[in-house]
Q: 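Encoded as structure tokens, here's the structure I'll be asking about.
Residue numbers start from 1 in every chain, and the chains themselves are labelled A, B, ... in the order their sequence lines are given, proteins ahead of strands. Only heavy atoms go into these numbers, but all of them, side chains included; no hydrogens, no water, no symmetry mates.
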Number of protein chains: 2
Amino acid sequence: MTGQVRTVDGRVAGRRGQATRQKLLDCLSEMLSTEPYRDVKVIDVARKAGTSPATFYQYFPDVEGAVLELAEEMATEGASLTDLVAGRSWAGKSGWQTAEELVDGFLGFWRKHDAILRVVDLGAAEGDKRFYKIRMKILNAVTNSLTDAVKELQSKGKVDKDVSPAAMAGSLVAMLAAVAAHQKGFQSWGVKQAELKPSLALLVHLGITGKKPTK
Amino acid sequence: MTGQVRTVDGRVAGRRGQATRQKLLDCLSEMLSTEPYRDVKVIDVARKAGTSPATFYQYFPDVEGAVLELAEEMATEGASLTDLVAGRSWAGKSGWQTAEELVDGFLGFWRKHDAILRVVDLGAAEGDKRFYKIRMKILNAVTNSLTDAVKELQSKGKVDKDVSPAAMAGSLVAMLAAVAAHQKGFQSWGVKQAELKPSLALLVHLGITGKKPTK
DNA sequence: TACTTGTCCTGTCATGCCGTCAGCTTACCG
DNA sequence: CGGTAAGCTGACGGCATGACAGGACAAGTA
């Protein structure tokens, strides 16, 4: 699927080249989690990786290009988020469990990749289609599954027909993403994770099934 | 409350100075809505305002400093968001109306200030306390009111005791903020505003009262 | 009108990052 | 051993940054 890794000027990267490239990505990733995106400079990344700026430009057009690469990587891993919803039951006790595990898995994924996700979020909000696409790729994994769940419940007459499945699923996923992005903020405000998760799970359950969960 | 406007080197700004300062802020605001935050340069803002970079540095320490100024301005205006919740009823039809108007007001405010809010969001997510404080100031207006609403309904026995009012309110507000921030994204994905708002209002109503609304 | 005072703006400069290129070193292969 | 392509870097013009000193300007005073 993905062709060979290539340098900006078209050469195919060999073993050594790929290693250098990866090292640059690793350093960039680390820098993103320790200082503002706006202040990340090519020269700093290069220095940290023990190489020169010119080398950086051999593998990436600019910082944004490298960030996109990191984001793609993460998005691929994010495909596994589908498993949090697909094929699960929303009835009775297992419905509550489904909601809880979805919240748990989502927050965990976000915490793991928070630095790069921040930048993706910004890019998407600024209207950059490339970032938006990546964001969709991650969120769609969950959104589509949730949309299907609502549709199915609707067809069984268990959920009001006037709810738009896509809009409901989208809203819930946006909520999860937002809370996940500001986890630290919530904490410093006095709201503990232990309280946050049940609220989120409750909202997810209410939104999908329209009913209070049986725990 | 706010003392006199001062330049970086301590002089008090007169009428002309304040006008220049404001013009710089206006131009910065406009630039933020037309290009990525990362690419906004002092020299561009100055050029746009018909002045020189040196003038910019007389009023602001850097771009971030100026953005903070814009954000403070907006936060002050955002205090009026409290009115969307304070003193409203959550019972019966008026409860549904409260939810609808909250969603409407919130999305409107966000759309009006989307450019600056993006940057505030990023700053907050990156852990910058100054931005986080501003974000709180805006969201708290709504969050606190919602928290009170939940507490009151709990005391009347209408809502389960095991729900944390703060966590629930915080989650809902985070959802509204997130959806608001990605309004354009939703649209381009095929979800229309007309479908989005009812879903959000429904979730708000469900979250606060625990019950389906009567429309 | 000429002078004074304080505000306001800009020309200029040292510094540092950006992005590119030519050219050197290294690795692989016949 | 020589050829070829990959891999890396020093160096350079260009531009943004941030500081300063000094000029332009408005308003009050004699």
Side-chain angles (χ1 to χ4, degrees), chain A residues 2-28 30-32 34-70 119 123, chain B residues 2-32 34-70 119 123 128:
Chain A
T2 54
Q4 289 162 302
V5 177
R6 285 184 177 276
T7 58
V8 168
D9 58 334
R11 284 201 310 275
V12 294
R15 210 181 325 151
R16 190 153 72 114
Q18 294 206 24
T20 306
R21 198 184 125 99
Q22 192 55 49
K23 188 162 194 176
L24 284 167
L25 284 176
D26 291 344
C27 291
L28 171 59
E30 200 184 324
M31 300 202 77
L32 281 176
T34 58
E35 61 178 307
Y37 174 48
R38 197 170 201 280
D39 296 343
V40 171
K41 309 290 178 193
V42 169
I43 197 170
D44 296 323
V45 178
R47 259 201 285 263
K48 197 178 184 74
T51 179
S52 80
T55 302
F56 181 96
Y57 286 106
Q58 206 156 41
Y59 295 106
F60 310 103
D62 49 27
V63 173
E64 199 183 83
V67 167
L68 273 168
E69 198 72 23
L70 281 174
V119 182
Chain B
T2 54
Q4 289 163 304
V5 178
R6 284 183 176 277
T7 58
V8 167
D9 57 335
R11 280 202 310 276
V12 293
R15 209 179 325 157
R16 190 152 72 109
Q18 293 206 24
T20 307
R21 196 184 126 101
Q22 192 56 49
K23 188 162 194 176
L24 285 167
L25 283 176
D26 292 344
C27 291
L28 171 60
S29 176
E30 201 184 324
M31 300 202 78
L32 282 176
T34 58
E35 60 178 307
Y37 174 50
R38 197 170 199 280
D39 296 342
V40 172
K41 305 292 178 194
V42 169
I43 196 169
D44 297 322
V45 178
R47 258 201 285 264
K48 196 179 185 75
T51 179
S52 79
T55 302
F56 182 95
Y57 286 107
Q58 205 156 41
Y59 295 106
F60 310 102
D62 50 27
V63 173
E64 199 184 84
V67 167
L68 272 167
E69 199 73 22
L70 281 173
V119 182
D128 187 308

Q: Where each residue is assigned the nucleotide of DNA chain C containing its nearest heavy atom, which of B/Ala54 and A/Val63 is assigned the position nearer the 5′ end?
A: B/Ala54

Q: Taking atom P of D/dG7 as reference, at what distance in whole Å does atom CZ of A/Arg6 sit?
A: 12 Å

Q: For DNA chain D, find the residues of residues 37-53 of chain A with a heavy-atom distance under 4.0 Å and give them by number; none if there aren't any.
A: A/Thr51, A/Ser52

Q: Once you round it to whole Å, what is the distance between C1' of D/dT9 and CG of A/Leu24?
A: 14 Å

Q: How long is the span from the CZ atom in A/Arg47 to the CE atom in A/Met31, to the nearest 0.5 Å?
A: 9.0 Å

Q: For A/Asp9 and C/dA22, give me the distance from atom CG to atom P, rounded to whole Å.
A: 12 Å

Q: Apply side-chain contact (heavy atoms from CB on, under 4.5 Å) to the pair B/Cys27 and B/Leu24, showing each step before the final yes or no.
A: CA-CA 5 Å; B/Cys27 291; B/Leu24 285 167; 5.9 Å; no

Q: What is the distance, rounded to the nearest whole Å, between atom CZ of A/Arg21 and atom P of D/dC8?
A: 12 Å

Q: Is B/Asp26 salt-bridged to B/Lys23, going by a charged N under 4.0 Å from an acidic O?
A: no

Q: Categorize A/Thr7 for me: base, sugar-phosphate, or nothing, with a 4.0 angstrom heavy-atom threshold over every strand shown.
A: nothing

Q: Rounded to whole Å, how long is the line connecting atom CZ of B/Phe60 with atom C1' of D/dA16?
A: 18 Å

Q: Please test B/Val42 against B/Tyr57 for side-chain contact (heavy atoms from CB on, under 4.5 Å), starting from the C-alpha separation and ending with a verdict.
A: CA-CA 9 Å; B/Val42 169; B/Tyr57 286 107; 3.3 Å; yes

Q: Could you tell me the separation between the CZ atom of B/Phe56 and the C1' atom of D/dC20, rounded to a whole number of Å?
A: 18 Å

Q: With respect to the phosphate group of C/dT20, does any side-chain polar atom (N or O) of A/Tyr57 fall under 4.0 Å of OP1 or OP2?
A: no

Q: For D/dC8, does OP1 or OP2 lie under 4.0 Å from any side-chain N or O of A/Thr55?
A: no

Q: Taking atom P of D/dA6 as reference, at what distance in whole Å does atom OH of A/Tyr59 sit?
A: 10 Å

Q: Tell me the closest heavy-atom pair linking B/Phe56 and B/Ala66, and the distance in Å.
A: CZ-CB, 3.9 Å

Q: Is any side-chain heavy atom of A/Leu32 closer than 4.5 Å to a side-chain heavy atom of A/Val67?
A: yes

Q: Are B/Glu64 and A/Arg38 ion-paired here, with the side-chain N under 4.0 Å from a carboxylate O?
A: no

Q: Using the salt bridge (Lys or Arg N to Asp or Glu O under 4.0 Å) rule, collect all pairs that involve residues 48-62 of chain A, keeping only residues at least two apart or in two chains.
A: A/Glu30-A/Lys48

Q: Output one letter per nucleotide in nucleotides 23-30 of chain C: B when a protein non-hydrogen atom lies under 4.0 Å from the base, S when only the sugar-phosphate is that close, - when neither is.
A: -----S--

Q: Are any of the side-chain heavy atoms of B/Val63 and B/Tyr37 separated by less than 4.5 Å?
A: yes

